[in-house]
Amino acid sequence: MTRHTAVRADPAPATPSPAGTPSVPAASVPVRRGRPARARNPVRAALPVAAFFAVLVGGWQAVAARSDNVLVPDVPAVWTALSDTVTQPLFYDSLGATLLRVGLGFALAFVTAVVVGIAMGRVEFVRRFFEPAVLIGLTVPGLVWALLCVIWFGVSLTNPVVAVALSAAPALTLSIYQGTRALDSELHEMAYVYRFSLVTKLRFLWLPSLLPALLSGARLGLSLSWKVIVLVEMFGMSSGVGYELNNQFAAQNVAGVLSWTLLFALVMAVLEYGVLQGLERRLGRWRKAASI
C-alpha cells in the first residue's frame, strides 16, 4: 500500500508590529497600486473656454440686435474693426510701446518687491517700517498713481514706468513677504550652520522656495500694471494702446474701442498662458520630482 503524506505549507511570516498590537501576516496585507495618470485631453480641456466665448459672443449679438443702436455694434461690425486694426502698422507700434513701458515698470517693481519682501519676512524692524507703505500702496487706486505721475514726470518714459512700479510693487511685496514667513525654519537653521553667503541663500534657498509666491504675485502685479498703463497713456502719453483707445473714444467709435480692448486682452492671455504658466511648469519641475 502506498502511503501518502500531506504536505502542509508554512504560514507566511508575520509582519512586525508595535507593542500591544496584534501581528498581521504579510500575505494578508493588501498591496495598493497607484493608478496611472490619465493623459490630458486637449479638446476636453478647451471645451469650457470655447463654451464661455460662445455664450459671450451670442449674448452680445442678441443685445446688439435687440437694441438696434449704433453705440452697441453687432459682432460682424466688431470683427471688421478688429481686422482693420490688426492690418495697420500703428497697432504693432502702439503695442510695442505699451509692452516696453509695462516691462520696465514691472521689472522695477519685481526687484524692489523681492528685496523688501524678503527683508520684511526676516527682520522685524524692516517689517514694521515698510508695513504702512505697503498698506498705503494697496489702498491707493491706480488712477491716482497715473494722475500723479503725469503731473510729476510729464510725457517722458519715467511717467509710465514709475506709475506701473508704484501700482504693482505693494501686491508683489505682500505676496513675497507671506511666502517668506511660510518658509521652513529648519532650512534657515541649515543655512546658518553651514554659513551660506547671502547670494547662495538667495539662489538656492529663498528663490526656489518662494517660487509659488513669486508667480502668484507676478500675475497680480501684471494685471494691475495693464490697468495702470492704459490710464497713463490715456492721460499723459502720445502713443500706446491707451492713447489709441482714447482716440476711438473721442470719435465715439465703440467698435474701435472694443477691437483695441479685445486685442489687448488677447496679448495679456498669451503672456499668462504662454509665458507665465510655461515658466511655472519649467521652474517647478523639481517639486514634482521631489514628491515622487
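Values below: every heavy atom of this structure, side chains too, minus hydrogens, waters and symmetry copies.
- Looking at every heavy atom in both residues, Gln61 comes nearest to Pro76 through OE1-CD, 3.7 Å.
- One N or O on the side chain of Ser216 and one on the backbone of Ala213 form a donor-acceptor pair closer than 3.5 Å.
- The closest donor-acceptor contact from the side chain of Thr112 to the backbone of Ala109 lies at 3.5 Å or more, if one exists at all.
- Put simply, CG on Leu166 and CG on Leu148 are 9.0 Å apart, with the number rounded to the nearest 0.5 Å.
- Inter-residue side-chain proximity for Trp226 and Leu271 is flagged as met; some heavy-atom pair is nearer than 4.5 Å.
- Grouping the Ile, Leu, Val, Met, Phe, Trp and Tyr side chains by contacts below 4.5 angstrom, directly or via other members, places Val63 with Val75.
- No side-chain heavy atom of Asn253 sits less than 4.5 Å from a side-chain heavy atom of Val257.
- A single hydrophobic cluster is seen to contain both Val267 and Leu222, as judged by linkage of ILVMFWY side chains at heavy-atom distances under 4.5 Å, directly or through other members.
- A donor-acceptor distance shorter than 3.5 angstrom exists from the side chain of Thr98 to the backbone of Val241, with no hydrogens or angles considered.
- Side chains of Cys149 and Val232 form no contact here, defined as non-hydrogen atoms less than 4.5 Å apart.
- Annotation: side chain of Leu174 is in contact with side chain of Leu138 (closest heavy-atom distance under 4.5 Å).
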Margin query: Evaluate Leu266 against Leu262 for side-chain contact (heavy atoms from CB on, under 4.5 Å), listing each step before the verdict.
Written below: CA-CA 6 Å; Leu266 179 62; Leu262 291 174; over 6 Å; no
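- Distance check, rounded to the nearest 0.5 Å: CE of Met120 to CD of Gln178 gives 9.5 Å.
- Of the inter-residue distances, the one linking Ser225 atom OG with Phe110 atom CZ reads 12.0 Å to the nearest 0.5 angstrom.
- For Asn69, the CG atom counts as densely surrounded, since its 6.0 Å shell holds more than 12 non-hydrogen atoms of other residues, nucleotides or ligands.
- Trp145 and Ser167 get closest at one heavy-atom pair: CD1-OG, 3.6 Å.
- Residues Val144 and Val134 are members of separate hydrophobic clusters, defined by side-chain heavy-atom contacts under 4.5 angstrom among Ile, Leu, Val, Met, Phe, Trp and Tyr.
- By the 4.5 Å heavy-atom criterion applied to side chains, Asn247 and Trp260 are not counted as neighbours.
- Under the rule for a side-chain hydrogen bond (donor to acceptor under 3.5 Å, both in side chains), the partners of Arg128 that lie at least two apart in sequence or sit in another chain are Glu124.
- Residue Met237 holds its CE atom at 7.0 Å from OG of Ser156, rounded to the nearest 0.5 Å.
- Taking 4.5 Å as the limit, every side-chain heavy atom of Asp74 sits out of range of all side-chain heavy atoms of Trp60.
- In this structure, Pro73 and Ala77 approach most closely via the heavy-atom pair CB-CB, 4.0 Å.
- For the side-chain contact (heavy atoms from CB on, under 4.5 Å) with Phe235, the qualifying choice from Asn246, Val230, Asn159, Val150 is Val150, the only one to do so.
- At distances below 3.5 Å, not a single donor-acceptor pair connects side-chain atoms of Tyr92 with backbone N or O atoms of Thr87.
- Checked by atom type and distance alone, the side chain of Ser175 never pairs as donor or acceptor with a backbone atom of Leu172 at under 3.5 Å.
- With rounding to the nearest 0.5 Å, the separation of CD1 in Ile229 from CZ in Phe264 is 8.0 Å.
- For Thr173, the side-chain hydrogen bond (donor to acceptor under 3.5 Å, both in side chains) criterion is met by no residue, not counting sequence neighbours.
- In this structure, the side chains of Val114 and Ile176 come closer than 4.5 Å at one or more pairs of heavy atoms.
- Taking every heavy atom of both residues into account, Ala146 and Leu231 meet most closely at CB-CB, 4.0 Å.
- Taking Glu244 as the reference, nothing meets the side-chain hydrogen bond (donor to acceptor under 3.5 Å, both in side chains) condition, with sequence neighbours excluded.
- Val162 and Leu104 end up in different hydrophobic clusters when Ile, Leu, Val, Met, Phe, Trp and Tyr side chains are linked at under 4.5 Å.
- Under the 4.5 Å side-chain heavy-atom criterion for Ile, Leu, Val, Met, Phe, Trp and Tyr, Leu108 and Phe106 are members of distinct hydrophobic clusters.
- Proximity of Leu95 to Leu263: side-chain heavy atoms (C-beta onward) are nowhere separated by under 4.5 Å.
- Looking at Ser239 and Arg101, their side chains do bring a donor and an acceptor atom within 3.5 Å of each other.
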